[in-house]
Structure formats: C-alpha cells, structure tokens
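Report on one structure; see the data block that follows.
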Amino acid sequence: MPANDPLFEPLRLGAIEIPNRVVMAPLTRARATDRTPNALMAEYYQQRASAGLIVSEATAFSEQGYGWPGAPALYNDQQVDGWRRITDAVHQAGGRIFLQLWHMGRVSHPDFQAGRLPVAPSAVAAAGDAHTPTGKKPFVTPHALSVDEIARVVDDYAAATARARRAGFDGVEVHGANGYLIDQFLRDASNRRDDQYGGSIENRLRFLGEVLAAVTAEWAPERTGLRLSPTMNGMGMSDSDPVALYTAAAEMLNGVSLAYVHTAEAIAPGRLYNPDAPRVTPHIRRAYEGVLMTNGGYDHQTAAEAIRSGAADAIAFGQSYIANPDLVERFRAGAALNEPDHSTYYTHGAEGYTDYPAMAETARTATA
Ligand SMILES: Cc1cc2nc3c(=O)[nH]c(=O)nc-3n(C[C@H](O)[C@H](O)[C@H](O)COP(=O)(O)O)c2cc1C
C-alpha cells in the first residue's frame, strides 16, 4: 500500500463512521428464495464485510415495485427476518450495511403484478425488455400514477424504511438511479406530466423531495443516502439538460443533510453507463455541500486519485466486489484482483457468488 493512501482514511457518513473509503456498490445478484434473503446471501455479504460500507443489492419494498427474478424484497416480516440474518452476519464481521430501497416503476412487468400494469410518472414505455420469470419480454406501456397514488408510493418508502431499521441496517440508500421510478420522475424522456410532478425541473424534483422527506422523517437524514445516475442512457432514459437538472437536485439536497449522495457514472467504458456523455458528477460536486461518493469503472489508482484531487470523498466498486470479497485487503497489499465472470452475475447458487477466492486462498492455489 502506498503511504498515505486516501482510500484508507476514515470518513463520517452521517450517523456512522466508515474505516475506509472503499464502498461495495449495490449489486443485484438474484439469489433470494421466493423474494426472501437466505443463508447463502448472508455468507456472500459477510465475506465482503471489510468494505467501508456495503450498499445492499436493490430491494423492492412493495409488490408494485418488484420486477427482477430472484431479487430480494422487503415488504413482509419474513423478509425482515431474512435481512436481519444478513445484517447480523455483516456486523459480526465488523462491517456496516445500508439497504438500497428500490421501486422499479415502468421497468417491472405485468408478470410480476398479477397482470396489472407497472406504474410510472407517465404512460411512456421503456426501451428494451423486462427480465420476467419466463424470460425476456418487451417493456409495456405503464399506468401513469395519479397524485393520490404517488402519495401512497411515498408512504411505502416510509414503511420500508421502518422495516429496514427493524432488520438491523445501518441506514438506507434511496435508489434514484438507473432508470427506475425516481429516475423516471427526474428525467424528461420518461416524465411527460403536466401537473406539479412534471414539466419544470422543480416539478420533476418534487417526487424525489417527497420520498426523501418521508424516509428521513421515518428514520433520520444521517441514516439516508441517495444514488443518482445522471448520464445512464439504458432503457430509453435521457434528459434534455442533465447539468441543469442535477445541479438543481444538488441544491435541493443541500437542505436535507443526507449521510451521502452517490453518483453512478462511467469514468471508463462499462456495461451500464454512457461513457461518451460529458460527466455530470463534477457539477454535482461543485453544487453539493455534503459527502459525495461516486462509482463507475474505478480501480485502486483512479479511486485514490479521485479522492486526492477532491473529486469525491469515497468510491464505490461494483464488478470488482463481485469477484473480490477481500477487495480492501487486496488494495492494501497491492495484490492482483480476480476477474468477474459475467455469466454468473444473475444465476443461482454459490457458483460465481460465494466461491471467488480470497487472497490467501489464491496464493495457496498458486503454490499447490
Ligand atoms: C450484476 C450487476 C448488478 C447491479 N445491480 C445494481 C443494483 O442493484 N443497484 C444499483 O444501483 N446498481 C446496480 N448495478 C450497478 C453497479 O452498482 C455499478 O454502478 C456498476 O457495476 C458500475 O461500477 P463498476 O464499474 O465498479 O462495476 C449493478 C451492476 C452489475 C454489474
């Protein structure tokens, strides 16, 4: 480890302090049993407990918000108990874990909704296919939420926050990224409303503002993070002026005192984000006064540089965490990383999930 590596400086995130700035990004892995977290998932998260912070895989907090085969949920007591085993396992290993609160909005599918349409700000279909239990199917045109229905979704966020707290999480990360419901309200490709939730930037920020007010009132701002992906362009997502939108969002967030804001945006070509679009995170950094975590194609060196230059306070790692349960120890030792196997990202069971070797095991295998 190079002397004074900024990744190993502690950082205060609202109510908690993290011992290093290497964060495990939220990663859907589709290993739940009937939407309920299980022992295999507890083992997977415990293996990664040396991360400064673990952000859990996206977790639907209502049946309406669900839409990924094998993903865990958090809308009943059994699911609370399942998550409790995971938070206990992470805490026993000395780690910290936030739950990522997920509502998929229009990119769910009637197959998850007892035949009903998924919901969204506007009746505009996403581009591409939903992953349903019986394979990929084109996204449908969603039901546009009424103002009363929006209020019920906001209530669901608060109820889920209470369940996350009961399940032993250290906090919640509101998923405002990657083309899901909040993002659908934020960006004007998916939000075509002409009421108080659409049109102007101020109106498109309203739903996010209401969700954060509900979540922070239920628990606390210092237990709440938020993820945004200003330039992610999958599933038909885009905005006519992302710099203006996310600068206004940052200014709104200055009034909320969150534990952190987390941007997911490519610094290098990746699977998910738009590496050709000018990055918006630097604008958020300038406008936002709180802790900023960022993610999207970082390695040890680029992460350390980002922190050293003041571009961000912490870095989240996605695919490196899939393949390296001991990413923190590997960074400390300057050791090589295991390569992730894309073919097992969303499969079942331990293969490609809990069987990536830790450093000592790699060394043993190499000398065997
Ligand atoms: C298999 C897989 C699952 C993912 N699941 C989520 C998720 O549940 N929530 C989320 O916000 N992002 C999710 N992402 C995005 C990652 O958090 C991260 O932004 C992305 O992998 C880019 O970071 P990286 O270059 O370090 O991998 C997922 C990415 C992958 C590869």
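Each ligand, and each atom within it, is numbered from 1 in the order the structure gives.
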Can Gly296 be said to touch ligand 1, with heavy atoms closer than 4.0 Å? yes
Identify, by atom number and element, the atoms of ligand 1 in contact range of Tyr273, meaning under 4.0 Å from any of its heavy atoms. 15 (C), 18 (C), 19 (O), 20 (C), 22 (C)
For ligand 1, which atoms sit closer than 4.0 Å to a heavy atom of Asn178? 10 (C), 11 (O), 12 (N)
With a 3.5 Å cut-off and no angle check, do the side chains of Glu210 and Tyr197 form a donor-acceptor pair? yes
Within a distance under 4.0 Å of any heavy atom of Tyr346, pick out the atoms of ligand 1 and give their elements. 1 (C), 2 (C), 3 (C)
Check whether any N or O atom of Gln319, backbone or side chain, sits under 3.5 Å from an N or O atom of ligand 1, and answer yes or no. yes
Counting both backbone and side chain atoms, is some N or O of Gly318 under 3.5 Å from an N or O of ligand 1? yes
I'd like the name of whichever of Ala316, Pro26, Ser320, Ser56 reaches closest to atom 6 (C) of ligand 1 through any heavy atom. Pro26
Ala264 to ligand 1: N or O pair under 3.5 Å? no
Interfacing atoms of ligand 1 (cut-off 4.0 Å, heavy-atom, Phe317): 26 (O)
Give a yes or no on whether Tyr321 and Phe8 share a hydrophobic cluster (residues Ile, Leu, Val, Met, Phe, Trp, Tyr; joining criterion: side-chain heavy atoms under 4.5 Å apart). yes
If we number the atoms of ligand 1 from 1 as shown, the ones under 4.0 Å from a heavy atom of Gln100 are 7 (C), 8 (O), 9 (N), 10 (C), 11 (O)
Tyr345 to ligand 1: N or O pair under 3.5 Å? no
Under the ring-ring contact (aromatic ring centres under 6.0 Å, His included) test, which residues partner Tyr180, sequence neighbours left out? Trp102, His175
Under the ring-ring contact (aromatic ring centres under 6.0 Å, His included) rule, collect the residues that match up with Trp83, sequence neighbours excluded. Phe169
